[in-house]
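Worksheet for the structure shown next.
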Amino acid sequence: MFPSSVEETQRALEEHQYIADRGLAVAVFLALRLGRPLLLEGEPGVGKTEVVKVLAQVLSTRLIRLQCYEGLDVSSAVYEWDYARQMLQIRLLEAAGERTQERIRQEVFGLEFLLKRPLLQALESQNGRPPVLLIDELDRADEEFEAFLLEFLSDWQITVPEVGTLRAERPPVVVITSNRTREIHDALKRRCMYYWIDYPSFEKEYRIVREKVVGLPEKLAQQVVAFVQELRKQDLYKAPGVAETLDWAASLLALGQTELNPEAVGETLGALLKYQDDVLKAKDRVRDLLARAQAPTPL
């Protein structure tokens, strides 16, 4: 089921249109081989979430995604009870003459009334294949939730007081992502394989753009990537990630551009930058950045 080597892992990712450095392929391979969670950190938009989606395709299994946010609790991440169905069941039992509280409790707190959220769903394999569980942007969640994850990642089990302990027959493939808005606790990091995904080199980003934006002229692709690479060197509040590069390239293609010019850049910066201060700063430097981007770039 799992790739048998680093080379096979890297090749499988590329076959599903994800261009991975060898370092990332090594981290993914070892996480799969050793059965360890994989913690991916990096700036937003560098491909952390995308690699998990592709990994699920490579493994031919389902992807379960838990999007983290401040205030995330057990009812959203693990389970909650279907109270409406429970109340209906109680009324049906009472109408049938059932008055024993213990009997009613046993009837309404069964697995059929349990609403399984991502972490509990991840304990269930389908057709003998464990799912890929993406815990996305863990740094946005509270530290209390992070502490809860420690037991889950150690024992692959969840205890529901009314039902008992539910365990995974086969541990899920777990990938945790973080944009590093806060530090993840050392105790959780020690349980994971770790890899930092950086902004790509010109050559890698060019390959990604050519792979993902079908029909983009070669000259425009080179100029787009070169412009973005130069833009990341500027003092911006939020530098554009690969996702923004792809959006910008697709926008230029939709407008029928075959090469960059100041007007086209100025009109489409909203696809590349998401803060007005950054847009204004880029507009002030468009001609200089464009001159650098249009210089010959060896591939």
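- The shortest side-chain heavy-atom distance between Pro3 and Leu59 falls under the 4.5 Å cut-off.
- A 4.5 Å side-chain heavy-atom check between Phe145 and Leu138 finds at least one atom pair inside the cut-off.
- Of all heavy-atom pairs spanning Leu253 and Gly215, the tightest one is CD1-O, 3.6 Å.
- You'll find the side chain of Ile64 stays beyond 4.5 Å of the side chain of Leu134, heavy atoms only.
- Listed by first and then second residue, the salt bridge (charged side-chain N to carboxylate O under 4.0 Å, His left out) pairs involving residues 120-142 are Arg65-Asp136, Lys116-Glu124, Glu137-Arg140 (not counting sequence neighbours).
- With hydrophobic clusters built from ILVMFWY side chains whose heavy atoms lie under 4.5 angstrom apart, Tyr237 does not share a cluster with Leu231.
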For this session: Begin with the C-alpha distance, continue with both residues' side-chain angles, and end with the deciding distance and a verdict on side-chain contact (heavy atoms from CB on, under 4.5 Å) for Met193 and Leu39.
Result: CA-CA 6 Å; Met193 299 297 296; Leu39 172 59; over 6 Å; no
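- We find that Arg11 and Glu8 are not joined by a salt bridge, their nearest charged nitrogen and carboxylate oxygen being 4.0 Å or further apart.
- The closest donor-acceptor contact from the side chain of Gln126 to the backbone of Thr61 lies at 3.5 Å or more, if one exists at all.
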Problem set entry | Full working for side-chain contact (heavy atoms from CB on, under 4.5 Å) between Leu114 and Asp82 | CA-CA 6 Å; Leu114 197 63; Asp82 190 340; over 6 Å; no
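- At least one side-chain heavy atom of Pro44 sits less than 4.5 Å from a side-chain heavy atom of Lys238.
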For this session: Tell me, with the steps shown, if Glu112 and Arg85 meet salt bridge (Lys or Arg N to Asp or Glu O under 4.0 Å).
Result: CA-CA 10 Å; Glu112 64 270 26; Arg85 288 187 59 212; over 6 Å; no
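- Proximity of a side-chain donor or acceptor of Arg170 to a complementary backbone N or O of Ser125 within less than 3.5 Å is not detected.
- Residue Leu92 is not grouped with residue Met87 when hydrophobic side chains (ILVMFWY) are merged at heavy-atom distances under 4.5 angstrom, including chains of intermediate members.
- Phe2 has its side chain within reach of Val173: a pair of non-hydrogen atoms, C-beta onward, lies under 4.5 Å apart.
- Other residues, nucleotides and ligands contribute more than 12 heavy atoms inside 6.0 Å of the CD atom of Glu263.
- Looking at heavy atoms from C-beta onward, Ser4 lies out of side-chain contact with Phe29 at the 4.5 angstrom threshold.
- Between Gly241 and Tyr199 the shortest heavy-atom distance is CA-CE2, 4.0 Å.
- Interatomic distance, CD of Gln121 versus CG of Leu123, reported as 10.0 Å (0.5 Å rounding).
- Between the side chains of Asn179 and Thr181, no donor-acceptor pair of N or O atoms lies under 3.5 Å.
- A distance-only check finds no donor-acceptor pair linking the side chain of Thr159 to the backbone of Pro161 [under 3.5 Å].
- Looking at every heavy atom in both residues, Asp235 comes nearest to Lys281 through O-NZ, 2.6 Å.
- Each of Glu244, Glu205, Glu43 was compared with Arg232 under the salt bridge (Lys or Arg N to Asp or Glu O under 4.0 Å) criterion, and only Glu205 meets it.
- Taking the six-membered ring for Trp and thresholds of 30 and 60 degrees, Tyr206 and Phe202 have nearly parallel ring planes, at less than 30 degrees apart.
- Salt-bridge check for Lys204 with Asp21: passed, with a basic side-chain N closer than 4.0 Å to an acidic carboxylate O.
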Problem set entry | Ile176 vs Leu188, side-chain contact (heavy atoms from CB on, under 4.5 Å): CA-CA, chis, key distance, verdict | CA-CA 10 Å; Ile176 302 169; Leu188 190 141; 3.9 Å; yes
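- Side chain of Ser76 to main chain of Leu72: no donor-acceptor pair is present (N/O by atom type, distance under 3.5 Å, no hydrogens or angles).
- If you take NZ on Lys212 and OG1 on Thr245, they are separated by 13.5 Å, rounding to the nearest 0.5 Å.
- More than 12 heavy-atom neighbours from other residues, nucleotides or ligands sit within 6.0 angstrom of CG on Asp284.
- Counted within 6.0 Å of CD on Glu70, heavy atoms from surrounding residues, nucleotides or ligands total 12 or fewer; the atom is thus considered open.
- Rounded to the nearest 0.5 Å, atoms CG (Leu120) and CG (Leu115) are 10.5 Å apart.
- A donor-acceptor pair is defined here as one N or O able to donate and one able to accept, closer than 3.5 Å; no such pair exists between the side chain of Arg36 and the backbone of Leu32.
- Ion pairing between a basic and an acidic side chain is recognised when a charged N comes within 4.0 Å of a carboxylate O; Asp278 and Lys274 show no such pairing.
- Tyr275 and Val242 are not part of a single hydrophobic cluster, where members link through side-chain heavy atoms under 4.5 Å apart.
- Summarising the geometry of Pro37 relative to Leu153, their closest heavy-atom pair is CG-CD2, 4.0 Å, with the distance given to 0.1 Å.
- The nearest pair of heavy atoms linking Arg182 to Glu143 is NH1-CG, 3.9 Å.
- Counted within 6.0 Å of NZ on Lys219, heavy atoms from surrounding residues, nucleotides or ligands total 12 or fewer; the atom is thus considered open.
- For the residue pair Leu63 and Lys53, the shortest heavy atom distance occurs at CD2-CG, 3.8 Å.
- A donor-acceptor contact under 3.5 angstrom links the side chains of Glu41 and Tyr194, judged on distance only.
- Within the 4.5 Å cutoff, no side-chain heavy atoms of Leu220 are placed close to those of Thr258.
- Here the side chain of Arg210 pairs no donor or acceptor atom with the backbone of Gln222 at under 3.5 angstrom.
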Problem set entry | Test log, rule side-chain contact (heavy atoms from CB on, under 4.5 Å), inputs Ile135 and Cys68 | CA-CA 7 Å; Ile135 303 175; Cys68 296; 3.7 Å; yes
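- Put simply, Leu88 and Trp81 are part of two different groups of oily side chains (I, L, V, M, F, W, Y) that touch within less than 4.5 Å, one to the next.
- To the nearest 0.5 Å, the span separating CG on Leu55 from CD on Glu50 amounts to 11.5 Å.
- Annotation: His16, atom NE2; neighbour count of heavy atoms from other residues, nucleotides and ligands within 6.0 Å is above 12.
- Between the CG atom in Leu273 and the CD atom in Gln234 there is a gap of 10.5 Å [rounded to 0.5 Å].
- A donor-acceptor pair under 3.5 Å links the side-chain atoms of Tyr18 to the main chain of Gly47, judged by distance alone.
- Tracing side-chain contacts under 4.5 Å through hydrophobic residues (I, L, V, M, F, W, Y), one reaches Val163 starting from Phe148; they form part of the same cluster.
- With contacts defined as side-chain heavy-atom distances shorter than 4.5 Å, the pair Leu290/Pro262 qualifies.
- Atom-to-atom distance recorded for Leu34:CG and Leu38:CG is 11.5 Å, nearest 0.5 angstrom.
- Other residues, nucleotides and ligands place more than 12 heavy atoms under 6.0 Å from the CD atom of Gln157.
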